[in-house]
Peer 1: 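Shown below is the structure under consideration.
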Protein chains: 2
Amino acid sequence: MSDISKQILSDHKVSITNPRILVLEALLDSKNPLTVDELQSKLSGSVAKSTLYRVLNDLKKIKILHEFTSPDNSTVVELLLEDHSHHHHLFCSDCGEIIDVEMSGEFENLLAKEIKKIEKQFNFLIQDHRVEMFGVCTDQCANCK
Amino acid sequence: MSDISKQILSDHKVSITNPRILVLEALLDSKNPLTVDELQSKLSGSVAKSTLYRVLNDLKKIKILHEFTSPDNSTVVELLLEDHSHHHHLFCSDCGEIIDVEMSGEFENLLAKEIKKIEKQFNFLIQDHRVEMFGVCTDQCANCK
DNA sequence: ACAATAAATGAGAATAAGTCTCATTTATTA
DNA sequence: TAATAAATGAGACTTATTCTCATTTATTGT
């Protein structure tokens, strides 16, 4: 009960198991998104490979995990919790770091308008969007080790 | 000489070979981005798998091919020619279609400003960006077969 | 708290996208 | 047109992800 991970699982009506708790803890422990490799390292063998992928799929099903692909084709995952608001991503091609970025309300509003136009133009219902930015962090970058 | 594909290759100083011509023709033939699978089908065995991937890498090296990953994790490629201006992508989760979308100048300007702020905030040099939109096309969608 | 039942797990086999190797073919150039 | 370097095809190899199945664990109703 004391545990956030357990709470998350019970909130979403999925059974509370050790692998799920361990994966959630590893994800909760990291401020920024993680590649599956990084996640596997953090878990250091405590969860079988097949189980790790199954748990990630479980978390996707209950809509609290977002999965995407980095520019170097690694699979990246990040938890989407209530307190984690709408954001976008910044990728460093030097150190591989992936950083969560919030854009201004002004920007999101204009994008929303733009999306309405596009919906009409292409007869689409647009449900989600994503802005990705690519570059390199400078020497002083706080995110580089 | 009559061929656009040959012209593209010679413009970029890479040798003119049959597989390269065939791959370029298949890409030129399609208005929207193609998955590697779709591309392979279009080529219907005329180019070996290993050669196809090599040619795609060649085209990436001379910066006329853009590669990205669709929401269902397929690898998608599209030619980036001079007449093909800066654009973004719209993904249909029903039919899998990927559509090129141009956003307004107003939007791109605001995004550029936003990006300058982010560069300062994170000590980054941002070289590129991408907007992806996800949704479903309606019955009348001209892009659905 | 406990037994019955359903669900989840681990280990490793299977699959598939992409890369690599190497002998042969093709393009370039002088 | 011959010599040389580059590109190709075929299939072996690698590696991320999924699948299978026997075993373990969580849930639930009593």
Side-chain angles (χ1 to χ4, degrees), chain A residues 1-3 5-26 33-62 64-77 96, chain B residues 1 3 5-27 33-62 64-77 96:
Chain A
M1 275 306 141
S2 56
D3 207 355
S5 306
K6 289 184 189 172
Q7 193 58 52
I8 293 172
L9 292 170
S10 88
D11 283 354
H12 289 87
K13 305 194 205 317
V14 302
S15 60
I16 294 164
T17 68
N18 231 266
R20 286 175 179 163
I21 291 168
L22 291 169
V23 171
L24 276 177
E25 279 174 351
L34 289 177
T35 65
V36 172
D37 276 357
E38 289 166 339
L39 183 53
Q40 254 167 341
S41 302
K42 283 197 104 172
L43 292 168
S44 59
S46 58
V47 173
K49 182 170 55 116
S50 49
T51 303
L52 172 57
Y53 282 105
R54 268 187 299 234
V55 168
L56 292 177
N57 281 325
D58 296 339
L59 300 180
K60 278 194 275 181
K61 261 190 217 126
I62 62 174
I64 64 167
L65 189 80
H66 179 209
E67 186 185 290
F68 56 98
T69 305
S70 74
D72 68 342
N73 287 319
S74 318
T75 297
V76 178
V77 291
Chain B
M1 274 309 142
D3 207 355
S5 306
K6 289 183 188 172
Q7 193 57 54
I8 293 173
L9 292 171
S10 86
D11 283 354
H12 288 87
K13 307 195 206 315
V14 301
S15 60
I16 294 164
T17 67
N18 232 269
R20 285 175 180 164
I21 291 168
L22 291 170
V23 171
L24 275 177
E25 277 174 352
L27 290 169
L34 289 176
T35 64
V36 173
D37 276 356
E38 288 166 339
L39 183 53
Q40 255 167 342
S41 302
K42 283 196 105 172
L43 293 168
S44 59
S46 57
V47 173
K49 179 170 61 119
S50 49
T51 303
L52 171 57
Y53 281 105
R54 266 186 301 232
V55 169
L56 292 178
N57 281 324
D58 296 339
L59 300 180
K60 277 195 275 182
K61 259 189 217 129
I62 61 174
I64 64 167
L65 189 80
H66 180 207
E67 186 185 289
F68 56 97
T69 305
S70 73
D72 67 341
N73 287 320
S74 319
T75 296
V76 178
V77 291

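Order of the sequence lines fixes the chain letters, A, B, ..., with proteins taken first and strands second; residue numbering starts at 1 for each chain.
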Peer 1: Could you tell me how far apart B:R20 (CZ) and C:dT28 (C1') are, to the nearest whole angstrom?
Peer 2: 12 Å
Peer 1: I'd like to check B:L27 versus B:L59 (side-chain heavy atoms, cut-off strictly below 4.5 Å). Are they in contact?
Peer 2: yes
Peer 1: To the side chain of B:N57, which of D:dA26, C:dT19, D:dG9 is closest?
Peer 2: C:dT19
Peer 1: Rounding to an integer number of Å, can you tell me how far A:L9 CG sits from C:dA7 C1'?
Peer 2: 14 Å
Peer 1: Over the length of the helix from C:dA1-D:dT30 to C:dA30-D:dT1, how much do the five-pair end axes diverge, rounded to 10 degrees?
Peer 2: 50°
Peer 1: Mind checking B:S15 for me? I need base, sugar-phosphate or nothing, with any heavy atom below 4.0 Å counting as a touch.
Peer 2: sugar-phosphate
Peer 1: So which nucleotide from C:dT9, D:dG9, D:dC19 ends up closest to the side chain of B:P19?
Peer 2: D:dG9
Peer 1: From the options D:dG9, D:dT17, C:dA17, select the nucleotide whose nearest atom is closest to the side chain of A:K49.
Peer 2: D:dT17
Peer 1: Look at A:T75 and D:dT17 and indicate whether a side-chain polar atom (N or O) is within less than 4.0 Å of OP1 or OP2.
Peer 2: yes
Peer 1: Answer yes or no: is there a side-chain heavy-atom contact under 4.5 Å between B:N57 and B:R54?
Peer 2: no
Peer 1: Is any side-chain heavy atom of A:L43 less than 4.5 Å from a side-chain heavy atom of A:S46?
Peer 2: yes
Peer 1: Check this for me: does the side-chain of B:S50 come within 3.5 Å of the base of D:dA10 through a donor and an acceptor?
Peer 2: yes
Peer 1: Calculate the interatomic distance between B:N73 atom CG and D:dT17 atom P; express it in whole Å.
Peer 2: 8 Å
Peer 1: Side chains of A:K13 and A:S10: closer than 4.5 Å at any heavy-atom pair?
Peer 2: no
Peer 1: How long is the line joining CG of A:L52 and C1' of C:dA8, in whole Å?
Peer 2: 14 Å
Peer 1: Can you tell me the distance, in whole Å, between the CG atom of A:L56 and the P atom of C:dA8?
Peer 2: 15 Å
Peer 1: Please report, rounded to the nearest Å, how far the C1' atom of C:dG18 is from the CG atom of B:L39.
Peer 2: 14 Å
Peer 1: Less than 4.5 Å apart, any side-chain heavy atom of B:V47 and any of B:V55?
Peer 2: no
Peer 1: At 4.0 Å (heavy atoms only), tell me whether A:T51 reaches a base, stays on the sugar-phosphate, or touches nothing.
Peer 2: base
Peer 1: Are the side chains of B:L24 and B:D3 in contact, using a 4.5 Å heavy-atom criterion?
Peer 2: no
Peer 1: Name all residues meeting the salt bridge (charged side-chain N to carboxylate O under 4.0 Å, His left out) criterion together with A:R20; count only those two or more places apart in sequence or in a different chain, and write none if there are none.
Peer 2: A:D58
Peer 1: To the nearest Å, give me how far apart OH (B:Y53) and C1' (D:dT8) are.
Peer 2: 17 Å
Peer 1: May I have the distance from A:I16 (atom CD1) to C:dT9 (atom P), rounded to whole angstrom?
Peer 2: 12 Å
Peer 1: With a 4.0 Å cut-off on heavy atoms, is A:R54 in touch with a base, just the backbone sugar-phosphate, or nothing at all?
Peer 2: base
